[in-house]
Amino acid sequence: MDGLRHLLPRLLRHPWLLAGSVICAIFSAGGLGVGLISLGPLLRIILEGRSKESVTQLIQEYNASRSGFDIPESLVNLLPADPFHAVVAIMVGLGLLTVFGATANFLHQFLALEISNRAVAEVRTDVFRHSLSMPLSEVQRRGAAELVSRINKDSMALQGGMLALTSKTVAQLTKGLAAFAAAVWFDWRLTIVALLVAPILASILRKLGRRIRRATKAALEAQEDLLRVSNEAIQGIRTVKTATAEPMAADRFDTANDAVLREELRVRTARAIASPLIEMLAVFVLIGLAILAARQILDGQMDFDSFMLSLAALAVAGGSLKPLAGLVNDIQASAAPAERLEELLAVPDEAASASGSASIGRHAESIRFDGVRYRYPGAEVDSLVDVDLEIAFGEHVAIVGPNGCGKTTLLGLLPRLFDPTDGTVAIDGNDLRNVRLPELRRQIGVVTQETVLFRGTIRENISFGLDADDAAIRAAAELAHATEFIDALPLGFDTMVAELGTSLSGGQRQRIAIARALLRSPSMLILDEATSQIDAESEEQINAAVAEFRAGRTLVVIAHRLSTVLAADRIVVMEAGRIVDVGTHDELLGRCDVYQRLARTQLMPG
């Protein structure tokens, strides 16, 4: 069964919990089996209790009429000779057996829930950590909605299969087997005949399970799209409202929601038909057994009480095994999310794709792009083409160019968010493919135009990824000119920031992001239009602070304001993925058509 193939390896990570759960289920089922077997002598005592024979003689005769397991004489000797008192004693024993079985069943369910919850929590952790370590290009290709859906919805769907397997299936299966063993003890012939239907049931469940697994996988994929559509609408609610696009957003959601409903309804027939079909087959089996038993009783080859007890035990076994149809469906359904999670975990992470193991010291010489070409996965044209550029240590370089010319992609190669398709990127002569990623990224500070803040305090957002004390955090905030508005807040640095930083203005978010980058004390500082949402006065202050801070550091900025461009030692002009010229502001104005056009149309006054 595919579901078991995916689930068992996870459960076997907790062997003691799994073993304890199964043992308790066996004890619980054992109590049921013993209780059923005790009905034989109990019935004989009641039916023949008016005879002159003692209870001991009746049970001995009962044992003599059965082959195989006998009721132990040590237990028989403990029973009173009087039939009524013997019945009371057996009933008391059954009551104690019931308490024992209920306790074992509680422990089984308790351990089964713990192992299932632990296993699913570990899956969520593994998938989330792996998603964080996947290459950025792979994360962008899949999209946040797909990854979040797999981490949350797929793991929840997997939990249903885990619980069905460890809790309900084990309990029902052990009880069914115990009742079946009691039926064999009463009369093995009827039991063997009842087994003939087992291959038919297995074939039916297998076919239904395949259909359920395929439909469940399609439903999870449709739910991914639904999550994507809803996230885009809610996160972009400002745009939706100002564009009066509520009807369009609702239509997109309805389309995605209808797709989810359609896929979920595909599985309804398979799930609905399983139990009625098994019940119908069970009735046919009972009819056949009744006809066979009638012939045996009329011919004197079978006792009526043996037939009734065997039939009762088979009925208990059938009642215990009946839920297995639905449980098998649940296990098969969980195979689909398990496959999707395994597929995600199989994606190579950055550590695997970045085989570099060489140590890299603090940047102190140069950054060099040599014949760099890069094309995004699935794209038809290159984003970067034959880029050659050298930046000396401590230099301040501004990169300008039309939108979409490859500026952000070029700077994304420095912290190895991407690796070039061709060519090399080297720092101090070290090819970045060969160096350790953590060492490289620890000495790079990055501030992007799209500021990302997380739900937490301002202090936690500034120190994100670092273990810094309050003094260092405040110093970074002062350097970023953020302390003025932070101190004005009721809780200061302990003020909670809403999800995505929506409780702060764009300029405030940008200053916190700059403070976060400065706190790292990087040897290389990358500003990707980092002051785009800050007023000109604040930008001037921050530029002055950065100019002071960058002493002994390399600063590379993507510029949109003329003041930022003029502060640079050199300006790199890009167009269509290529570097078309490099020089100072005055030099480029005199010889570079692209720069002249940018100066007139895009570079804002400082």
Counting only N and O atoms by type, is there a donor-acceptor contact under 3.5 Å from the side chain of R433 to the main-chain atoms of T424? no
Side chain to side chain, M574 and L384, heavy atoms closer than 4.5 Å: yes
Measure the shortest side-chain to side-chain distance between M496 and T457 over non-hydrogen atoms and say whether it is less than 4.5 angstrom. yes
Rounded to the nearest 0.5 Å, how far does CG of L437 lie from CG of L432? 9.0 Å
Side-chain (R520) to main-chain (V446) donor-acceptor, under 3.5 angstrom: no
Run the salt bridge (charged side-chain N to carboxylate O under 4.0 Å, His left out) test against D386 and tell me which residues pass, sequence neighbours left out. R578
Could you work out, with side-chain hydrogen bond (donor to acceptor under 3.5 Å, both in side chains) as the rule, every residue matching R118, not counting sequence neighbours? E114
Nearest heavy atoms of A517 and V447, plus distance in Å: CB-CG2, 3.4 Å
Walk me through it: do N461 and F454 pass the test side-chain contact (heavy atoms from CB on, under 4.5 Å)? CA-CA 7 Å; N461 272 278; F454 302 91; 4.0 Å; yes
Side chain proximity check, F369 to L414, heavy atoms < 4.5 angstrom: yes
Mind listing the closest non-hydrogen atom pair of M524 and I367 along with its distance? SD-CD1, 3.7 Å
If I take atom CG from residue D126 and atom CG from residue L345, how far apart are they, to the nearest 0.5 angstrom? 6.5 Å
Looking at every non-hydrogen atom in both residues, tell me the closest pair between S503 and A498 and how far apart they are. OG-N, 3.1 Å
Taken in chain and number order and not counting sequence neighbours, the residues that satisfy ring pair (Phe, Tyr, Trp, His ring centres under 6.0 Å) with F418 are Y374, Y376
Within the distance-only criterion (no hydrogens, no angle test), does the side chain of S463 pair as donor or acceptor with the backbone N or O of A468 below 3.5 angstrom? no
Applying ring pair (Phe, Tyr, Trp, His ring centres under 6.0 Å), name anything that partners H130, two or more places apart in sequence or on another chain. none
Determine whether a donor-acceptor pair (N or O, by modelled atom type, separation under 3.5 Å) exists between the side chain of N430 and the backbone of I427. yes
All heavy atoms of L411 vs all of P415, minimum pair found to be O-CD, 3.1 Å
Go through the steps to decide whether I360 and R436 satisfy the test side-chain contact (heavy atoms from CB on, under 4.5 Å), and finish with yes or no. CA-CA 7 Å; I360 181 172; R436 298 172 185 167; 5.9 Å; no
Give, for atom CD1 of I399 and atom CG of L410, the distance between the pair rounded to the nearest 0.5 Å. 5.0 Å
Which residues pass the salt bridge (charged side-chain N to carboxylate O under 4.0 Å, His left out) test with R340, sequence neighbours left out? D154, E224
What's the shortest heavy-atom distance between V435 and R416, and which atoms? O-NH1, 4.1 Å
Which heavy atom of L111 sits nearest to which heavy atom of G20, and what is that distance? CD1-C, 3.5 Å
Would you give the length of the straight line joining atom OG of S155 to atom CG of L341, rounded to the nearest 0.5 angstrom? 7.0 Å
Return the set of residues passing side-chain hydrogen bond (donor to acceptor under 3.5 Å, both in side chains) with T408 (not counting sequence neighbours), or none when no residue passes. D528
L519 vs F464, side-chain contact (heavy atoms from CB on, under 4.5 Å): CA-CA, chis, key distance, verdict: CA-CA 10 Å; L519 180 63; F464 189 72; over 6 Å; no
Rounded to the nearest 0.5 Å, how far apart are CD1 of I512 and CG of L504? 5.0 Å
When rounded to the nearest 0.5 angstrom, what distance separates CG in D422 from CG in D382? 8.0 Å
Heavy atoms, side chains only, cut-off 4.5 Å: are I444 and P522 in contact? no
Are the side chain of E122 and the backbone N or O of N117 linked by a donor-acceptor pair below 3.5 Å? no
Within the side chain of T421, is there an N or O that forms a donor-acceptor pair under 3.5 Å with the backbone of R375? yes
Working note: V387 + L413, criterion side-chain contact (heavy atoms from CB on, under 4.5 Å); need CA distance, chi angles, decisive distance, verdict. CA-CA 12 Å; V387 173; L413 298 175; over 6 Å; no
